[in-house]
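One structure below.
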Amino acid sequence: MKTNLLDFNLPQLTEHFAAMGEKPFRAKQIMRWMHQMGEADFDAMTDIAKSLRAKLHDTAIVGVPELMVSQESEDGTRKWLLDVGTGNGVETVFIPEDDRGTLCISSQVGCALECTFCSTGRQGFNRNLSTAEIIGQLWWANKAMGVTPRNERVVSNVVMMGMGEPLANFDNVVSALQIMLDDHGYGLSRRRVTVSTSGMVPQMDRLKEACPVALAVSLHASNDRIRDEIVPLNKKYPLKELMAACQRYLVKAPRDFITFEYVMLDGVNDRPEHARELIALVRDVPCKFNLIPFNPFPNSGYERSSNNAIRAFREILQEAGFVVTVRKTRGDDIDAACGQLAGQVQDKTRRQEKWIRISEERS
């Protein structure tokens, strides 16, 4: 089987070429061709020696996921379903804004966690994505989106907020992050790359040392009782431990705050008393809040908080001195909004069967 060169960050690719008897600069050349030029054909890499190109033809590929479905929302959001083999597909979303273009990347086929308000979680779990399958989403989007008239990349920001829990696929995600940040790769700033986690505390500490990028924490609750119910991982890493991990992460983070994501669920976590509990919970953690109106999906069992409830919640936090944004719902007409990504998952957990049964019992 041929080696997929997209699986390697620069140190790994340098080591791979050294084993082939090649100089270190060859790795940098190939990195630039693959990631900056979006080239997958070795014959097109014209400044590479013909002898090396022939060797690569025999032993290697630049293998990216193939497109299964492409959709575009009325608001300009684009979603791609990419084939990762054995009947599985992952979703990648591009969100255009006036001052940036943000790509939301998946890290797993499905998700091993079971947050009750998330469509991905309902699909169950199949496997972790490889480094090539993660970085291949950015490779593919850059190829599809092209560049601006001033030769700038359309994708300026990356968020690891697609399907899956990134820190549950730690090694492959970190390798992909290193490629995103490498000047011979995509050259993105650490401030423009964000990893979102549901709160895997040991892995947060590892990320701080291995590749500190901007961090977003899927909080969604102001106390352990509610979070145990809607984010089951909280039973393993409760809020006190999570807040301490956030403080530790900020020592090396490229931004001086943590972003707390908070989905607004009607009657569950959206009351004024919950906002006041949040203020007490995060008092020692420099942070900002991103309130996310719940994006419905079939048989979710939840309703979106009213605009009045979201407004009142936001005002309580703002009056306490916090920066608060309310995420604008983008791409919900193509199921590309936060919490709606489902992809195509050959579930190994039988979770889809479970939720079908629960839905039938409710009806």
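Under the ring pair (Phe, Tyr, Trp, His ring centres under 6.0 Å) criterion, W33 pairs with no residue, sequence neighbours left out. The ring pair (Phe, Tyr, Trp, His ring centres under 6.0 Å) test applied to H16 returns F8, not counting sequence neighbours. Listed by chain and number, the residues in a salt bridge (charged side-chain N to carboxylate O under 4.0 Å, His left out) with D171 are R206 (sequence neighbours excluded). Taking F42 as the reference, H57 meet the ring pair (Phe, Tyr, Trp, His ring centres under 6.0 Å) condition, with sequence neighbours excluded. A search for side chain to side chain donor-acceptor pair (under 3.5 Å) contacts involving E39 returns nothing, not counting sequence neighbours. Applying the ring pair (Phe, Tyr, Trp, His ring centres under 6.0 Å) criterion to F322, with sequence neighbours excluded, gives F289.
Going from atom CG of L67 over to atom CH2 of W140 covers 4.0 Å, rounded to the nearest 0.5 Å. With rounding to the nearest 0.5 Å, the separation of CG in L6 from CD1 in I135 is 8.0 Å. Atom CD of E277 and atom CZ of R225 lie 8.0 Å apart (nearest 0.5 Å). M45 contributes atom CE, which lies 10.5 Å from atom CE of M37 (distance to the nearest 0.5 angstrom). R190 CZ to L188 CG: the interatomic distance, rounded to the nearest 0.5 Å, is 11.5 Å. The CG atom of N157 sits 9.5 Å away from atom CZ of F94, with the distance rounded to the nearest 0.5 Å.
Side chains of S218 and E261 form a contact here, defined as non-hydrogen atoms less than 4.5 Å apart. Contact annotation: the side chain of M145 never approaches that of L103 to less than 4.5 Å [non-hydrogen atoms, C-beta and beyond]. Side-chain atoms of V231 and F117, non-hydrogen and from C-beta on, do get closer than 4.5 Å to each other. By the 4.5 Å heavy-atom criterion applied to side chains, M163 and Q123 are not counted as neighbours. Looking at L317 and I279, their side chains come closer than 4.5 Å, going by heavy atoms from C-beta outward. For the pair M160/N169, no side-chain contact is recorded, criterion being any heavy-atom separation below 4.5 Å from C-beta on. Two residues are said to be in side-chain contact when any heavy atoms from C-beta on lie closer than 4.5 Å; L207 and V174 meet this criterion. Residues R304 and N295 meet the side-chain proximity criterion, which asks for heavy atoms closer than 4.5 Å.
Of the N and O atoms on the side chains of D75 and T77, at least one donor lies less than 3.5 Å from an acceptor on the other residue. Side-chain contact of T197 with Q203: a donor-acceptor pair under 3.5 Å is absent, judged by distance alone. No side-chain donor-acceptor contact under 3.5 Å links S107 and E165.
Linking ILVMFWY residues whenever their side-chain heavy atoms come closer than 4.5 Å, directly or via other members, leaves I61 and L5 in distinct clusters. Cluster membership for L281 and V323, using ILVMFWY side-chain heavy atoms within less than 4.5 angstrom, is not shared. L129 and F170 fall within a single hydrophobic cluster, where Ile, Leu, Val, Met, Phe, Trp and Tyr side chains are chained together by heavy-atom contacts under 4.5 Å. Under the 4.5 Å side-chain heavy-atom criterion for ILVMFWY residues, no single connected hydrophobic cluster contains both F257 and L215.
Enclosure of atom NZ in K55 by more than 12 non-hydrogen atoms of other residues, nucleotides or ligands within 6.0 angstrom is indicated. Residue-environment remark: CG (D205) exceeds the threshold of 12 foreign heavy atoms within 6.0 Å. Atom CD of Q247 sits in a crowded spot, with more than 12 heavy atoms from other residues, nucleotides or ligands closer than 6.0 Å. More than 12 heavy atoms of other shown residues, nucleotides or ligands fall within 6.0 angstrom of atom CD in Q318. More than 12 non-hydrogen atoms from other residues, nucleotides or ligands lie less than 6.0 angstrom from CG of D99. E241 CD: more than 12 foreign heavy atoms inside a 6.0 Å radius.
Judged by distance alone, with hydrogens and angles left aside, the side-chain atoms of N142 form no donor-acceptor pair with the main-chain N or O of W139 at under 3.5 Å. With hydrogens and angles ignored, the 3.5 Å screen pairs no side-chain donor or acceptor of R26 with any backbone N or O of K23. At distances below 3.5 Å, not a single donor-acceptor pair connects side-chain atoms of S156 with backbone N or O atoms of R100. Between the S305 side chain and the M264 main chain, a donor and an acceptor come within less than 3.5 Å of each other. When atom types are taken as modelled, the side chain of N4 and the backbone of G63 share a donor-acceptor pair closer than 3.5 angstrom. The main-chain N or O of L219 is found under 3.5 Å from a side-chain atom of R227 such that the two form a donor-acceptor pair.
Considering Q36, R32, H35 as possible partners of H184, the one that fulfils the side-chain hydrogen bond (donor to acceptor under 3.5 Å, both in side chains) test is R32.
What you find for Y249 and C211 is that their closest heavy atoms are OH-O, 4.3 Å. Among all heavy-atom pairs drawn from V201 and R248, the shortest one is CG1-NH2, 3.7 Å. Here the closest non-hydrogen pair linking N172 and S130 is ND2-CA, 3.8 Å. The two residues F313 and N269 have their closest heavy-atom pair at CE1-O, 3.5 Å.
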Would T131 and N9 count as a side-chain contact (heavy atoms from CB on, under 4.5 Å) if you check the C-alpha gap in whole Å, the side-chain angles of each, and the deciding distance to 0.1 Å?
CA-CA 9 Å; T131 297; N9 59 29; over 6 Å; no
Assess whether side-chain contact (heavy atoms from CB on, under 4.5 Å) is satisfied between Y302 and V263, documenting all intermediate values.
CA-CA 11 Å; Y302 293 108; V263 66; over 6 Å; no
Go through V213 and L181 one step at a time and tell me if the side-chain contact (heavy atoms from CB on, under 4.5 Å) criterion holds.
CA-CA 9 Å; V213 293; L181 301 176; 4.1 Å; yes
Between K2 and T59, is the side-chain contact (heavy atoms from CB on, under 4.5 Å) condition met? List the steps.
CA-CA 5 Å; K2 293 184 178 182; T59 63; 5.8 Å; no
